[in-house]
Amino acid sequence: METAIVSKSIQERFPDAIVETKPEWICLKKEIFTPVLQFLKTGHLAFINLHCITAVDRQGSVEVVYHLYSFEHKWMLTIKVILLDSDLTIDSLTSLWSAANWLEREVFDLFGVKFTGHPDLRRILNPDTWSEHPLRKDFKRDGFIPRPVR
Amino acid sequence: MIGFVTSYIPLLLKGLAVLGFIALSAMFLIWLERKISAKIQNRLGPMMTGPHGAFQSVADTVKLLLKENIMPTGADTTIWWLAPFFVTVPAVVAFLCMPFGSHFIVHDLNVGILFICSITSISVIGVFMAGWGSNNKYSLLGGMRSAAQIVSYEVPLLLSVLVVIMESGTLSMQGIVRAQELGWFFLKPNVFIAFVIYLISATAETNRVPFDIPEAESELVAGYHTEYSGMKFAMFFVAEYTNLFIVSAVAATLFLGGWLGPFRPSMFWFLLKAYTIIAFLMWIRWTLPRVRMDQMMGFAWKFLVPVSLVNVLVTGWLLVVKG
Amino acid sequence: MDYEELIINMGPQHPSTHGVLYLELKLDGEIVVDCRPNIGYLHRSIEKIAENRTFVQFMPFTDRLDYLASMNNNLGFCLTMEKLLQIEAPARAQYLRVIMAELNRVASHLFAVSTFAQDLGAYATPLFYALRDREKIVQIFDQICGQRLTYNYMRIGGVSADIPVGVDQLIRDFIIYERQMMAEYDDLLTNNVIFRARSKMIGVLSKESAIDHGVTGPNLRASGFKWDLRKDEPYLMYDQFDFNVPVGKNGDSWDRYNVRMLEIMESLKIIEQALNGLPEGDPVAKINKAYRPTGEIYVRTENPRGELGFYVVGDGNPFPYRLKIRAPSFSNLSVLTSLIRGLNISDAVCVLGSLDVVMGEIDR
Amino acid sequence: MAVNERIPGSEYLEKFPGGEVILAKSQDVFNWAKGASLWPLTFGLACCAIEMMTTGASHFDIDRFGSGVFRASPRQCDVMIIAGTICVKMQDSIKRLYDQMPEPKYVIAMGNCAISGGIFYHDSYSVVKGAEAVGIPVDVYVAGCPPRPENLLNGIIKLQEKIRSTKARVT
């Protein structure tokens with residue numbers, strides 16, 4: 001079970017959905033992102049388990065990374081979506097997997113990515129009174145003592 | 001006038017003696033509970049204060065005396081302040097007709113057992129006042145739970161006591177004990193069932209595991225006495241252990257023949273039997289998990305009450321047939 | 001007659017929230033109408049710290065994630081880095097890792113089972129029995145790596161120190177001792193009528209809802225889904241050991257408890273086989289401080305609480321560019337609200353105890 | 001400071017001959033009682049909480065020193081053992097708990113995180129650097145990450161000695 005097989009089957013259904021295919025991950029377009037995941041979950045590939053959602057701040061854009069797992073084929077798929085710093089919004093997956101609820105709240109809390117359609121998008125780890133998003137590379141806050149690197 | 005006054009002196013002295021006994025027994029029971037729980041969990045328990053932690057309870061009481069007395073804001077002051085007394089005073093007054101020995105009794109009322117059962121059920125008002133007065137959600141829940149629990153376990157308790165009264169024919173405690181001179185009551189099968197029912201509802205009366213729902217550690221933080229600190233909390237503590245002693249003493253008197261024993265010092269037998277029952281109740285406290293609210297109520301109304309009613313019926317039939 | 005629900009705060013400091021978890025319960029009398037868990041009270045920003053530590057320096061932080069199963073966390077991070085850097089640990093080190101991970105699983109399950117019993121009201125006695133057995137494991141770890149709770153024992157490419165002489169005999173004695181002790185728990189808890197009455201058919205978690213919420217580990221197996229990474233996606237050399245995966249029938253709190261008890265027996269079997277097959281050789285890792293990996297990787301291991309995932313992104317610097325820790329308790333806890341709606345408080349506490357969550361890895 | 005107390009009514013002391021002696025004797029008994037029955041608040045935050053429970057368990061048995069009664073409500077506790085990392089979101093709850101405790105109260109900061117933030121001192125935006133930073137006067141510091149149970153027992157003994165040696169301010 002290779003990423004190529006998955007990307008080929010996506011290609012058939014959604015011709016212009018894939019931005020880039022790498023042996024480890026597939027990068028999708030933001031616009032038609034939910035239908036592709038809907039197909040991945042309910043289609044013959046049966047990715048019924050959303051294992052983890054996280055994000056990587058690439059200083060200019062934020063990469064939202066989804067890890068899906070299929071028990072039938074015993075294969076872990078990594079899907080990425082690139083969001084520019086200008087509009088950090090993407091539609092939420094809580095309708096497909098309930099696991100996404102808390103995982104998306106955490107990404108919102110630490111990166112500031114807004115998930116449209118999320119039932120209860122508020123901070124999960126940090127106090128609600130905070131405005132900064134800590135895991136961004138340009139994060140500044142008083143009381144934050146960086147370690148002196150030798 | 002003088003005669004009237006002097007006739008009260010012996011009663012006063014006996015009362016003081018009993019008060020001293022209550023204070024000492026409460027402290028001893030607290031120490032005993034910590035030692036028994038330590039034994040069950042194969043550890044040592046208090047060791048540093050005196051030989052085997054003998055003065056541990058003294059240290060606890062003195063420390064609780066020194067604690068600051070905090071009144072929670074918004075608490076219903078009079079109810080909150082009165083609650084510990086409503087719990088402690090009935091526990092102390094119930095010792096009025098407790099037959100410690102053939103001659104060691106403050107006053108042998110001829111309605112002894114009825115008096116004790118009615119007095120000890122006043123303490124539920126105190127628990128409920130504590131729950132309501134402390135203006136704390138956990139205490140409120142604890143208070144309501146305890147009211148439901150004690151009411152539903154009062155019925156099987158009294159029915160099992162009724163069986164003993166039918167057997168002995170008298171309400172006075174000394175009378176019950178003397179009626180057991182031929183053979184202890186719990187040897188009779190129907191009275192043995194009453195004894196088992198009595199023990200179960202007694203654990204519920206004194207809020208001990210498996211029925212310690214009002215002060216459920218893991219759910220309601222500390223139940224109805226969450227908001228009490230210092231001496232008021234100590235009064236709840238002492239009242240709980242005094243109730244435990246009362247319940248075991250009444251069980252010893254009603255079912256195990258009170259102070260009846262082969263050789264002379266009758267008080268020794270009474271205390272021996274009471275403390276064996278206490279040790280049994282403490283053993284249960286440290287092994288069983290807690291029952292849920294509705295299971296506890298269901299168990300009382302659906303099982304204990306019918307069984308004790310049938311028991312009373314059978315005892316009555318036996319007495320009538322045997323004459 | 002309108003009534004207004006009682007909102008009760010099972011606040012950050014509560015005897016049965018297993019750490020600092022804050023549940024806002026909306027009650028109708030004693031019945032839980034709605035529950036809103038708030039977490040973050042132990043958020044120590046480990047992922048931000050990871051971006052300023054080299055890969056070797058990050059190892060102690062993995063101990064403090066799920067502080068009841070530090071060895072398994074170490075193992076997870078080591079396997080991730082070894083796969084990213086294409087390093088192969090010596091055979092003896094792999095065997096030692098299996099032994100340590102399984103011993104820590106036994107210790108963690110013992111703790112989980114007894115705090116569950118404590119939540120049901122058996123105050124302190126089962127907890128102290130379990131801690132007495134766990135003390136023996138902790139002393140074995142103490143002799144191996146000098147620490148009782150946060151071991152920092154494994155390194156990328158091996159382990160920090162070989163097992164001292166005589167400790168494997170200690171482990172064998174412990175296995176024999178533990179098998180006898182398990183019978184004690186059976187009559188204290190498993191066959192206890194009140195314990196069964198309090199936990200049977202409470203908080204039933206269906207297989208579909210579990211997979212949907214991302215629940216993994218014993219909680220998923222209790223719902224009847226036979227899925228264990230050690231068996232289905234074998235890492236290290238778990239495929240060489242024979243052990244079976246206990247599965248529950250109806251996914252209630254009692255099944256989650258029972259699955260953990262059976263897993264303890266399975267882990268003891270694994271430890272025994274690993275000890276017998278312990279090869280010779282030098283397990284100590286040759287630490288090369290200047291690991292500068294590029295690329296990214298996502299590796300999962302079977303922790304006592306579920307599947308722990310490490311997502312590491314390296315960009316050629318000695319520090320990771322991004323390090324995401326996928327905590328099993330995080331998703332396990334997210335299922336709590338749907339389970340306890342409609343139960344009363346005592347059962348809500350029972351379900352929370354049976355899910356066995358550790359706040360250290362939820363809040364990271 | 002959390003430890004010194006003012007004895008009510010101590011201003012009449014000088015009028016009684018040998019007042020000082022009487023007070024000294026009773027003060028010793030009070031201090032002995034306060035030290036011998038330190039009831040800790042069940043207050044585990046992180047990894048140190050596991051070591052605190054192990055100290056309470058059978059092998060190390062904190063009950064030998066009279067402080068085995070772990071009360072859940074702050075009203076009935078004397079010593080608050082802060083066992084674990086104090087986070088930003090948790091700090092005002094800790095302060096409120098400390099204020100809810102009745103007066104002769106003591107604090108043991110268990111573990112490096114409670115003392116100074118420990119290994120989370122650098123690069124962490126959400127950890128408060130120690131119990132003092134929350135504004136809680138600490139009586140005994142127990143170092144270690146997590147400190148061994150014997151270390152915590154030693155902390156309890158140190159606290160008992162500190163209580164016994166306190167001279168109430170006779171002012």
Side-chain angles (χ1 to χ4, degrees), chain A residues 22-25 41 46-59 62-63 65-69 71 74-78 80 94 96-103 105-107 109-111 120 122-128 130 133-137 139 141 144-149, chain C residues 36-45 47-54 57 208-216 220 225-227 229 232-233 295-300 306-311 313 315 318-319 321-328 330-335 337-338 362-364:
Chain A
K22 278 275 181 53
E24 296 96 10
W25 42 269
K41 175 182 180 188
F47 284 102
I48 52 175
N49 183 6
L50 172 65
H51 206 261
C52 163
I53 301 177
T54 185
V56 183
D57 176 10
R58 295 286 187 196
Q59 272 129 1
V62 169
E63 252 176 45
V65 181
Y66 295 86
H67 292 282
L68 305 171
Y69 190 75
F71 289 111
K74 289 205 171 111
W75 172 252
M76 170 72 81
L77 175 68
T78 311
K80 292 195 172 188
T94 34
L96 295 172
W97 295 278
S98 343
N101 191 324
W102 276 29
L103 293 167
R105 275 178 63 190
E106 187 196 345
V107 172
D109 185 352
L110 298 178
F111 284 88
D120 158 26
R122 39 183 182 81
R123 285 185 175 268
I124 195 166
L125 289 178
N126 290 314
D128 297 341
W130 278 28
H133 297 292
L135 274 185
R136 302 297 293 270
K137 292 295 178 189
F139 167 72
R141 186 175 171 79
F144 178 75
I145 306 162
R147 190 170 67 105
V149 181
Chain C
R36 227 165 63 140
N38 294 340
I39 56 173
Y41 290 88
L42 194 59
H43 177 46
R44 306 185 271 199
S45 62
E47 286 169 5
K48 186 73 179 177
I49 291 174
E51 285 164 12
N52 205 350
R53 295 289 188 282
T54 68
Q57 286 170 342
E208 296 69 28
S209 154
I211 294 172
D212 192 28
H213 278 92
V215 172
T216 50
L220 180 61
F225 186 56
K226 191 175 173 67
W227 178 258
L229 272 184
D232 297 299
E233 272 197 18
E296 57 179 62
I297 190 127
Y298 185 71
V299 171
R300 313 168 309 153
E307 285 168 19
L308 170 74
F310 278 95
Y311 174 63
V313 176
D315 63 349
F319 310 131
Y321 186 76
R322 168 78 170 108
L323 192 142
K324 157 77 180 171
I325 300 145
R326 189 265 180 196
F330 189 81
S331 310
N332 293 354
L333 187 63
S334 67
V335 91
T337 319
S338 66
I362 291 179
D363 298 343
R364 284 178 303 279

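Naming: A, B, ... by sequence-line order, numbering from 1 per chain. Just the heavy atoms: all of them, side chains too, but no hydrogens, waters or symmetry mates, feed the values below.
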Under 4.0 Å between a Lys/Arg side-chain N and an Asp/Glu carboxylate O for [X] and [Y]?
{"X": "C/E296", "Y": "A/K22", "result": "no"}
{"X": "A/D128", "Y": "A/R123", "result": "no"}
{"X": "A/E106", "Y": "C/R364", "result": "yes"}

Under 4.5 Å from any heavy atom of chain C - which part of [X]:
{"X": "A/R58", "answer": "both"}
{"X": "A/H67", "answer": "side chain"}
{"X": "A/A55", "answer": "backbone"}
{"X": "A/I53", "answer": "backbone"}
{"X": "A/D120", "answer": "neither"}

- What option among A/I48, A/L50, A/T54 has the most heavy-atom pairs under 4.5 Å with chain C?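 Result: the option with the highest number of such pairs is A/T54.
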- For the candidates A/N126, A/I124, A/L96, which exhibits the highest count of non-hydrogen atom pairs separated by less than 4.5 Å from chain C?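 The option with the most such pairs is A/I124.
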- Task: For the pair C/R322 (side chain) and A/D57 (backbone), establish whether a donor and an acceptor sit closer than 3.5 Å, ignoring hydrogens and angles.
- Result: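 Between the backbone of A/D57 and the side chain of C/R322 there is no qualifying donor-acceptor contact (under 3.5 Å).
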Measure distances from [X] to the heavy atoms of chain A and classify the residue's part below 4.5 Å as side chain, backbone, both or neither.
{"X": "C/N38", "answer": "side chain"}
{"X": "C/R300", "answer": "side chain"}
{"X": "C/E51", "answer": "side chain"}
{"X": "C/I362", "answer": "backbone"}
{"X": "C/E47", "answer": "both"}
{"X": "C/Y41", "answer": "neither"}
{"X": "C/R36", "answer": "side chain"}

- Measure up the A/W130 and A/F139 rings against each other and bin them: parallel (under 30°), tilted (30 to 60°), perpendicular (over 60°).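 Ring orientation, 0 to 90° scale: parallel.
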- Query: Which word best sums up how the rings of C/W227 and C/F225 line up, parallel for under 30°, tilted for 30 to 60°, or perpendicular for over 60°?
  - Reply: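 The rings of C/W227 and C/F225 lie parallel, inter-plane angle below 30°.
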Testing the basics here: between [X] and [Y], what is the closest heavy-atom pair and its distance to 0.1 Å?
{"X": "A/N49", "Y": "A/W97", "result": "N-NE1, 4.0 Å"}
{"X": "C/S334", "Y": "A/W102", "result": "CB-CD2, 3.8 Å"}
{"X": "C/G214", "Y": "C/S331", "result": "O-CB, 3.3 Å"}

